[in-house]
Each structure stands twice: as C-alpha cells, then as structure tokens.
Amino acid sequence: LAKTTQPISMDSYEGQEVNITCSHNNIATNDYITWYQQFPSQGPRFIIQGYKTKVTNEVASLFIPADRKSSTLSLPRVSLSDTAVYYCLVGFVTGRRALTFGSGTRLQVQP
Amino acid sequence: GAVVSQHPSRVICKSGTSVKIECRSLDFQATTMFWYRQFPKQSLMLMATSNEGSKATYEQGVEKDKFLINHASLTLSTLTVTSAHPEDSSFYICSARDHGQGGTYEQYFGPGTRLTVT
C-alpha cells in the first residue's frame, strides 16, 4: 500500500486559497488519489478523487503531476467552516482493500 | 451520493458488558464493509474488513474474539465489542464499498459511533 506524507498542520485566513500537498512516492499504476475531510466526531467526507492531471469539482481542485508521486488539494477562498482535518489516501478504488489513512493535515482557518 | 448510517451515534456502557454497533448502506449494496477506530487527535485505523456471507478479515493486532463482526446482508454489518474495557473507548467508524455492477467501488463513510466504557 502506498504510504502518504502530508504536513501535520496548516494555518490560513478566510478568503485565501489553501493548497495542501501530499507525497506518495510508491504509488502503484492502478492507484487513485482520494482526499477526505473530517470534522471532529464525524466520519470522513469525500472531497475529490483523481488519477492524473487535474480534477475540479464544486468544492476543490486536485492537481496531480505526470509522475503521480505527489498531489495537491486546492481549496479556493476558504472559510471558517473549512477548519478540519484533510486526509490524502492512495489506493486501488475498484479493489476490495480498504483505503488506509495517513496522519492527515489539520487546517485551521482564522477570521 | 451514497449514504452509510451507523447506530447508535453514541453509547456508554459499563466495563465487562458487550456493545453492538450497526452499520447500514442505505441506498446501495455493499459486499464489503470496513471498520475503523479513531482515538482522540489520531487518524483512523483500520480494524477489519467485513465481507458479506464470509468471515471478516482482521488487521494485525486486532482481537477477533473481542471485536465480533457480522455481515449478514448486503446492507448491514455489525461490530460487537465484547467484554468492553475503558481502553476500548473510542470513535468507531464504518465504511462501505458500492457493490459494483456498473457502479464504482467508492468508499463511503458512516457518521461514527462514540463508545465510552466506564
């Protein structure tokens, strides 16, 4: 299973763009990159998933370079409600193995 | 998106008793469900993989006789914490994979169950 490395914590202010980078040097060919958000005492919530290049949805963008050894989650114009822990997960999503969580990045958004 | 529910959302039990936590996939069939445990300020740790109609697969270090998992149908998996001790107090989160058949195998998470053993 590909191991992921993320910054332990990040601070930002409301209205700013936040970029969280995740390293996954031993990502396998069939692995996808998935980002989840978790608030205290809640289950993780799916944010975005991608395989290569760029993926964008209504809440975030995911940038994946050609070598796929890292990825960057971009949150545009964060608000206080974006304060949460963000997890980068790498795995074969069409398989039967569970996604494995790393340590995550604790994002604190201040007014 | 697909919804996974858990019941109860929180439970307090006395040391030595057993507690059952239910995990349901509400609008899709899940041949595979996963159980995670999360201690305060820590990440989610996979405990076991539950496969419909067969025995669960436990991660290293997780006692299968203490954490009983039953996946009797495509929409329900249960985790029973037997002879609970205070150190079992934690946040238990289940997750389910879509059945497939043209759908994806995206992993959806339940809201979690807070277990406190006194």
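So that the names make sense, note that chain A is the first sequence line, chain B the second, and so on, each numbered from 1. If you're wondering where the values come from, they're calculated on a predicted model, not measured in any experiment.
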remark   = Cut-off 4.5 Å, heavy atoms of chain A, and the answer for B/Gln38 is side chain

ask   = Does B/Val19 share a hydrophobic cluster with B/Met33, counting links as ILVMFWY side-chain heavy atoms below 4.5 Å and allowing steps through other members?
value = no

key: Which atoms of A/Arg106 approach chain B - backbone, side chain, both or neither, heavy atom under 4.5 Å   = side chain

message = At a heavy-atom distance under 4.5 Å, which candidate from B/Cys94, B/Pro111, B/Ser9, B/Gly112 has the highest pair count against chain A?
response = B/Pro111

ask   = Taking atom types as modelled and ignoring hydrogens, do the side chains of B/Gln6 and B/Thr113 form a donor-acceptor contact shorter than 3.5 angstrom?
value = yes

Residue part contacting chain A, namely of B/Leu46, when any heavy atom lies under 4.5 Å = side chain

Heavy-atom pairs under 4.5 Å with chain B, option from A/Pro40, A/Ser41, A/Gly102 with the top count = A/Ser41

task = Check the side chains of B/Thr78 and B/Glu22 for a donor-acceptor pair under 3.5 angstrom, ignoring hydrogens and angles.
result = no

inquiry  = When you group the ILVMFWY residues by side-chain heavy-atom contacts below 4.5 Å and let the links chain together, are B/Phe67 and B/Ile93 in the same group?
reply    = no

task = Anything under 30° is parallel, anything over 60° is perpendicular, the rest tilted; go ahead and classify B/Phe109 against A/Tyr36.
result = perpendicular

